[in-house]
Amino acid sequence: MEELMNKVANDLKNFAPQAPAGMEERIQKAMAKKKSFWTFSWYTLNVYVVGFLGIGAIAWMLSMRTSKVDVAQVNAPQGNTEVSIQPAPEVKNVQNDAPSNSTTPSAKPAVEKGLSTVQVIPADMEALHEYSEVPPQVTVDVPPVAEVAESTEIQKMPEEIQVPKPKSEVVKAKGRTLKLTRLTGK
Amino acid sequence: MEENKLIQSCVSGDKSAQHLLYKKYSTLVFGICLRYAKNKMEAEDTMQEVFVKIYNHLKDYQSAGSFEGWVRRIAVNAAITSYRKSLKGRFQDEIDDRSEYASSLVEHHDVDYTMEELLSCVQALPDGYRTVFNLYAVEGFKHKEIAEMLQIDVNTSKSQFSRAKGHLQKALLEMSARKIPVVE
């Protein structure tokens, strides 16, 4: 048995068959493929161009977004000071008569045109339409309008709401929609 | 062309030198790949990997040892890597209870076979048996080295070699028995 195994091992060691045809081309192709990404070629150039364009587009979109937010933040204090003077009972009317305004998609475009929450206040819808045609008195503030539905809290204690220091509250209310509506939602 | 010059030319990217190198060592590499592979297709894949490695790492070759030995080593390493890849996600189903039958076989000294037949018998072995058999019987590694290379136990290497021998001998005997004409 050992003799047989030795013979087998020797035969296998010296076994050198002819490589299949086309193997060399296959190897050269594999070599070229491995190199191609890191060496210059039109293919890699296209990949880079597309990559840079994609990154540029994303960066541009992000910068536009941040600038919008900045504008909203700058304008926020003015709107708050004006609206804080409004009497609280009117908030009830807003809730009863025009609750859909806060939820319907049409509410958002109105805000973008420069209307504040003051326009949502009227008791009936006609009044609302009339009011909405009035040129904007208060500057744009997106967060307050988006959360008109939150005014339930205001309804519960309309008269007692005291806004002693609107300025200080405004600073706290940055980004917190609840407090902003309390101030601007009448 | 002298071997060192050939290597230098290959390093500098000379296509004709690469062609010469391929011509010189393709048979050796393909033979090694066939021994370790399950079939010809797998052997071709391994051979491609081997030559890509050779061309890419020629600059690292130090002429201390023989170039043929270096090529052989790369081929064996590629075959081992391929074996390890094939093990991933697969159940170890090669262990059977025929470990003792090899010793019970009758001695036959005049087993006749062709290289194709021998190769088909080797390729029919389970992957683990085939790899250990090649490494031990053909390449001449020790069981301890094989155990380290394949990340298995030394005893596993020993038992797999023993079983591989048994399988191979049985297959060769059956093959030669089929060849002998029946005399009435």
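First the proteins, then the strands, lettered A, B, ... as listed; each starts at 1. All values below come from the heavy atoms of this structure, side chains included, with hydrogens, waters and symmetry mates left out.
Of the two parts of A:Met23, the backbone and the side chain both hold a non-hydrogen atom closer than 4.5 Å to a non-hydrogen atom of chain B. Proximity to chain A (any heavy atom under 4.5 Å) is shown, for B:Tyr136, by neither the backbone nor the side chain. Looking at B:Val122, the atoms closer than 4.5 Å to chain A (heavy atoms on both sides) all sit in the side chain, from C-beta outward.
How far CG of A:Leu4 is from NZ of B:Lys165: 10.5 Å, rounded to the nearest 0.5 Å. Note that the CD atom of A:Gln28 and the NE2 atom of B:His19 stand 10.0 Å from one another [nearest 0.5 Å].
Annotation for A:Leu12 and B:Arg35: closest pair O-NE, 3.3 Å, computed over non-hydrogen atoms. The heavy-atom pair separating B:Phe30 from A:Pro17 by the smallest distance is CD2-CG, 3.7 Å. Here the closest non-hydrogen pair linking B:Leu168 and A:Val8 is CD2-CG1, 3.8 Å. Minimum heavy-atom separation, B:Leu28 to A:Ala16: N-CB, 4.3 Å.
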- Task: Determine, stepwise, if the pair A:Phe15 / B:Val138 fulfils side chain to side chain contact (heavy atoms under 4.5 Å, CB included).
- Result: CA-CA 11 Å; A:Phe15 180 50; B:Val138 185; over 6 Å; no

- Message: Walk me through whether B:Phe51 and A:Arg26 qualify under side chain to side chain contact (heavy atoms under 4.5 Å, CB included).
- Response: CA-CA 10 Å; B:Phe51 269 99; A:Arg26 195 177 144 180; over 6 Å; no

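Tested against A:Asp11, the residues B:Leu118, B:Leu119, B:Thr114 include a single side chain to side chain contact (heavy atoms under 4.5 Å, CB included) partner, B:Leu118.
Per-residue counts of heavy-atom pairs under 4.5 Å with chain B were compared for A:Lys13, A:Lys7, A:Glu24; the largest is that of A:Glu24. The most heavy-atom pairs under 4.5 Å with chain A, out of B:Glu139, B:Met47, B:Glu49, come from B:Met47.
A:Met61 and A:Met64 end up in the same hydrophobic cluster when Ile, Leu, Val, Met, Phe, Trp and Tyr side chains are linked at under 4.5 Å.
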